[in-house]
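Just so it is clear, the values below take in all heavy atoms, side chains as well, and ignore hydrogens, waters and symmetry mates.
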Amino acid sequence: MIDFITSLDGYGAAEGWPAFWGLEGPEYLAWLEEDSKIERTLLMGATTYRLMHGAATSRPDAPDPLGAVPKIVFSKTLEEPLEWANSRLVRGDAVEAVRTLKEESDRPLSTLGSLSLCRSLLAAGLVDRYRVVVFPVVTGATGREPVYNGWPDVGLDLTEARTFDGGTQLLDYVPRLLDGPIHSGAEAE
């Protein structure tokens, strides 16, 4: 599963804004806590690993909600051993590694951030679910990390939709790679 949070205009983060654009309400946080109880293996690249591990270690008195979760980190720049508990480094081809993991793992696999990794897995046809939480904010001037740059064309079949706290949207899809634009079949007159 590819799993993202975005602004309405498709950014994964924005300069100067707090986490979740400061819009995380009690309903969303309760869902996030419940969802984190599902046993998964998290897949991430080096940048996400550094960011998330740094956040986990920046507050030594706070619990690390991802500490016990198995994490597979795809990187050619990180060195072993990885400091974050339950993290395994994979230096080889991420697509082939995930293809093997899908066949052998008894746990669902889910990305965490990692835009390049997600793009590669989607293009390789390895993504069974695409889940996005859209926060009701446009960060055109301050947005960074545009989520969809360089992605293939993808059709999305909606399997679940939910609204949190009066505005934040959870959208869960089954993705389909497309060969090009979808046409209605009607000829233009």
Can you hop from W151 to L156 via hydrophobic side chains spaced under 4.5 Å?
-> yes

The remaining residues in the hydrophobic cluster of V69, counting side-chain heavy-atom contacts under 4.5 Å among Ile, Leu, Val, Met, Phe, Trp and Tyr, are L42, M44, Y49, M52, L66, V73, L78, L82, W84, L89, L112

4.5 Å side-chain heavy-atom contact, L121 and T111 | yes

Can Y173 be reached from V147 by stepping across I, L, V, M, F, W or Y side chains whose heavy atoms are under 4.5 Å apart?
-> yes

Spell out, as yes or no, whether a donor-acceptor pair under 3.5 Å connects the side chain of S114 to the backbone of G45.
-> yes

Could I get the full list of side chain to side chain donor-acceptor pair (under 3.5 Å) partners for D128, not counting sequence neighbours?
-> K102

Which residues pass the salt bridge (Lys or Arg N to Asp or Glu O under 4.0 Å) test with E145, sequence neighbours left out?
-> none

Heavy-atom side-chain proximity of L23 to P136 below 4.5 angstrom | yes

Note: P65 and P63 closest approach over all heavy atoms is CD-O, 3.2 Å

With sequence neighbours left out, what residues match R88 under side chain to side chain donor-acceptor pair (under 3.5 Å)?
-> none

Check whether any side-chain heavy atom of F74 lies under 4.5 Å from a side-chain heavy atom of V98, and answer yes or no.
-> yes

Locate the shortest heavy-atom distance separating G113 from C118; write the atom from each residue and the value.
-> O-SG, 3.3 Å

Do L101 and L43 pass the side-chain contact (heavy atoms from CB on, under 4.5 Å) test, and can you show the C-alpha distance, the side-chain angles, and the key distance before you say yes or no?
-> CA-CA 11 Å; L101 283 167; L43 310 174; 4.2 Å; yes

Do V138 and F20 belong together in a cluster built from hydrophobic side chains that touch within less than 4.5 Å?
-> no

Criterion side-chain contact (heavy atoms from CB on, under 4.5 Å) on D153 and L177, from CA distance to verdict | CA-CA 6 Å; D153 290 346; L177 289 177; over 6 Å; no

Does S75 have any side chain to side chain donor-acceptor pair (under 3.5 Å) partners at least two apart in sequence or in another chain, and if so, which?
-> T77

Min side-chain heavy-atom separation D165-P26 under 4.5 Å | yes

Closest approach of P175 and L122, non-hydrogen atoms and distance?
-> CB-CD1, 4.1 Å

Give, for atom CG of L109 and atom CD1 of I2, the distance between the pair rounded to the nearest 0.5 Å.
-> 12.0 Å

List the atom of S110, the atom of D3, and the distance in Å for their closest heavy-atom pair.
-> OG-CB, 3.8 Å

Does any non-hydrogen side-chain atom of I5 lie less than 4.5 Å from one of V132?
-> no

Of all residues at least two apart in sequence or in a different chain, which pass the side-chain contact (heavy atoms from CB on, under 4.5 Å) check with R144?
-> A13, E15

Linked, directly or transitively: W21 and L171 (ILVMFWY side chains, under 4.5 Å) | no

Taking ring-ring contact (aromatic ring centres under 6.0 Å, His included) as the test, write out the residues that go with F164, two or more places apart.
-> Y28, W31

Contacts of D157 that satisfy salt bridge (Lys or Arg N to Asp or Glu O under 4.0 Å) - sequence neighbours left out = R176

Euclidean distance, R162 CZ relative to D172 CG, rounded to 0.5 Å | 12.0 Å

So the salt bridge (charged side-chain N to carboxylate O under 4.0 Å, His left out) pairs with at least one residue in residues 34-59 (sequence neighbours excluded) are E34-K37, D35-R40, D35-R131

Qualifying salt bridge (charged side-chain N to carboxylate O under 4.0 Å, His left out) pairs with a residue from residues 109-126, counting only residues at least two apart or across chains = none

State which residues pass side-chain contact (heavy atoms from CB on, under 4.5 Å) with P146; sequence neighbours excluded, sorted by chain then number.
-> Y11, N149

Does L8 share a hydrophobic cluster with V137, counting links as ILVMFWY side-chain heavy atoms below 4.5 Å and allowing steps through other members?
-> no

Please name all residues satisfying side chain to side chain donor-acceptor pair (under 3.5 Å) with Y130, sequence neighbours left out, ordered by chain then number.
-> Y148

Mind running side-chain hydrogen bond (donor to acceptor under 3.5 Å, both in side chains) on T139 and W17 for me, showing each step along the way?
-> CA-CA 9 Å; T139 56; W17 290 75; 5.8 Å; no

To the nearest 0.5 angstrom, please state how far the OG1 atom of T48 sits from the CG atom of L115.
-> 7.0 Å

Interatomic distance, CG@N86 vs CD1@I72, rounded to 0.5 Å, equals 11.5 Å

